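Let me begin by presenting the structure, written as structure tokens, before commenting on it.
Letters go in sequence order (proteins before strands), and every chain restarts at 1. Just so you know, these numbers come straight off a predicted model, no measurement behind them. When reading the values below, keep in mind they use all heavy atoms of this one structure, side chains included, and skip hydrogens, waters and symmetry mates.
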Amino acid sequence: MELIDAIPVRHPWRWVGAAVILLVVILAIQSMTTNPKFYWGTFRTYVFDVLVIQGVGWTLVLTVSSMVIAIVLAILLAFMRQSDNPLFRYVSWVWVWFFRGTPVYTQLLFWGSVGVLYPKIILGVPFGPELLSWDTATVINATVAAIVGLGLNESAYLAEIFRAGLKSVDNGQMEAAEALGMRRSKVMWRIILPQAMRVIIPPTGNETIGMLKTTSLVLAVPFTLDLTFVTNALASRTFLPIPLLMVAAFWYLVITSVLMVGQYYVERHFGKGVDNVMKAPVKVPPPAAADPIMLPRGNNLA
Amino acid sequence: MPDATHTSAEQAAQPVTVKPLVEIQGVHKFFGDHHVLKGIDMTVKPGEVSVIIGPSGSGKSTLLRCINLLETLSAGRIYVHNDLIGYREVNGKLHDLNTKQIATQRREIGMVFQRFNLFPHKTALQNVIEAPTQVKRQSKAAAKLKALELLEMVGLSDRANFYPSQLSGGQQQRVAIARALAMEPELMLFDEPTSALDPELVGDVLEVMKNLAKSGMTMIVVTHEIGFAREVGDTLTFMDGGVVVESGNPREIIANPQHHRTKEFLSRVL
């Protein structure tokens with residue numbers, strides 16, 4: 001047997017393209033390193049500054065907790081939207097309509113001023129006695145307002161992503177599970193949602209990274225500890241906006257990269273059985289027979 | 001079999017013959033204006049293998065799907081084990097069953113689909129133990145033991161840890177049969193179980209079904225496999241245009257069809 005050793009097709013324009021891109025990159029690096037107005041010294045001073053690192057931490061807290069709230073609500077909203085119960089469907093629709101239909105900045109402003117609207121949160125009988133009451137300002141402080149504001153807004157967008165995911169699962173899956181006597185809620189949770197996750201994860205990753213940047217709007221609450229606010233404050237103090245913008249951009253990029261790595265593993269988890277399956281056993285069964293696949297079936301039955 | 005007490009009138013009416021496991025009475029089904037089933041009557045005795053054949057669009061799959069409530073009836077009644085499927089009859093008035101009661105009824109009825117519908121994110125073994133552990137609340141260990149037995153029965157014990165996408169169509173369908181059997185149903189419905197398979201894979205699935213029939217399982221099989229009907233079937237029903245055209249002993253009907261439509265259909269598929 002003579003193995004084929006063909007001469008591959010040449011792609012000279014790829015080399016030209018690569019040279020051009022390399023040149024652009026070198027020029028960009030050169031301009032950034034040699035232009036003194038970038039103040040890289042200031043960048044180095046502040047990139048690991050305690051205030052900046054705390055800002056990174058708060059931005060992460062806001063992103064993660066608002067996304068957790070949003071995902072939990074989105075699953076609920078998407079299930080409600082597919083429910084037989086018309087009340088659930090309607091409530092879910094109105095929720096998405098409202099929170100998607102008003103600006104997130106406005107919603108954050110509202111959550112920030114809810115204490116002005118309702119100074120006290122009172123638990124009691126309508127027109128009757130009060131049972132418990134709290135000061136709104138202590139319950140919904142700036143952190144809570146920021147997280148709730150971002151989370152509720154995001155839940156509306158995610159609900160649509162989850163709904164699309166649930167719809168992408170073949171109807172036969174629901175039928176097969178119901179034919180086995182599984183209740184609908186169980187079918188959704190154990191059969192439909194895990195398969196829908198394959199479709200849901202990439203846009204949700206997108207939304208998470210979007211949320212990372214949206215957290216910079218929490219100054220509307222006002223919440224003043226996140227990365228953008230802190231670097232802006234430092235910029236006004238030092239009168240050097242560019243290097244501090246670079247500090248913020250650097251950290252946003254770092255967090256985004258970490259999130260992307262996380263997304264890779266989440267995608268791999270929910271892709272099991274569908275994406276990248278080898279034509280080989282997942283776990284090799286005990287080597288009982290040499291070639292059991294070819295044994296005629298039914299012989300041991302009769 | 002447990003004795004049903006609430007249909008004593010029926011028991012009195014048929015004292016000698018074996019009580020049917022499935023009774024289909026005057027079933028009609030409309031999809032919008034489309035009249036798919038036009039008054040179907042049919043009975044299936046315990047242990048019987050009832051084969052339904054007919055051209056596509058004849059309503060045979062719809063009838064099968066009505067038995068486990070994947071479709072709701074427009075008129076008529078279906079009883080499985082003397083249980084009215086989908087409803088509760090109180091003073092001649094039907095009340096919808098709630099989802100929990102419907103799920104309970106479905107547990108007694110296994111279904112095998114044309115397109116297998118295995119859960120792609122679960123291995124063969126996980127597919128089989130899903131319902132026993134989640135619905136019947138069996139322990140994982142017990143369900144696994146039983147599942148491995150069932151996979152052995154369908155000739156796939158060496159494929160327990162494979163995902164459906166790693167199995168051939170015929171293997172997937174045999175896992176699907178094992179999955180349905182894991183709930184220990186008293187009735188198995190097969191909706192064209194070999195129609196989506198490559199010809200060389202059909203035999204394995206039919207072999208499993210044949211063995212299942214021999215073991216005494218009550219089966220209703222919608223199929224185009226006339227050979228299976230002749231060899232394994234106890235009764236053969238030919239449906240066309242939403243009605244039962246002819247019904248009886250498979251070997252007699254296939255050898256000597258009485259109705260010209262049956263004749264025509266058989267001449268085309270044989």
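Per-residue heavy-atom pair counts under 4.5 Å with chain A were compared for B:Arg115, B:Lys122, B:Met111, and the maximum is reached by B:Lys122.
Heavy atoms of B:Pro120 lying under 4.5 Å from chain A belong to its backbone as well as its side chain. Within the 4.5 angstrom heavy-atom criterion, only side-chain atoms of B:Phe113, from C-beta onward, approach chain A. Only the side chain of B:Glu130 has a heavy atom closer than 4.5 Å to any heavy atom of chain A. Both the backbone and the side chain of B:Lys100 come within less than 4.5 Å of a heavy atom of chain A. There is no contact between A:Arg198 and chain B, counting heavy-atom distances below 4.5 Å. At a 4.5 Å heavy-atom cutoff, the contact between B:Arg65 and chain A is made by side-chain atoms alone. Contact annotation for B:Leu70: only side-chain heavy atoms (C-beta onward) come within less than 4.5 Å of a heavy atom of chain A. With a threshold of 4.5 angstrom between heavy atoms, B:Leu118 approaches chain A through N, CA, C or O but not through any side-chain atom.
By the 4.0 Å N-to-carboxylate-O rule, B:Glu184 lies close enough to B:Lys146 to be salt-bridged with it. We find that A:Glu160 and A:Arg81 are joined by a salt bridge, their nearest charged nitrogen and carboxylate oxygen being less than 4.0 Å apart. By the 4.0 Å N-to-carboxylate-O rule, A:Arg183 lies too far from A:Glu178 to be salt-bridged with it.
At distances below 3.5 Å, at least one donor-acceptor pair connects side-chain atoms of B:Asn98 with backbone N or O atoms of B:Gln101. A:Asn153 places a side-chain N or O within 3.5 Å of a backbone atom of A:Phe99 that can act as its donor or acceptor partner.
No side-chain heavy atom of B:Met209 sits less than 4.5 Å from a side-chain heavy atom of B:Val232.
B:Lys144 NZ: 12 or fewer foreign heavy atoms inside a 6.0 Å radius.
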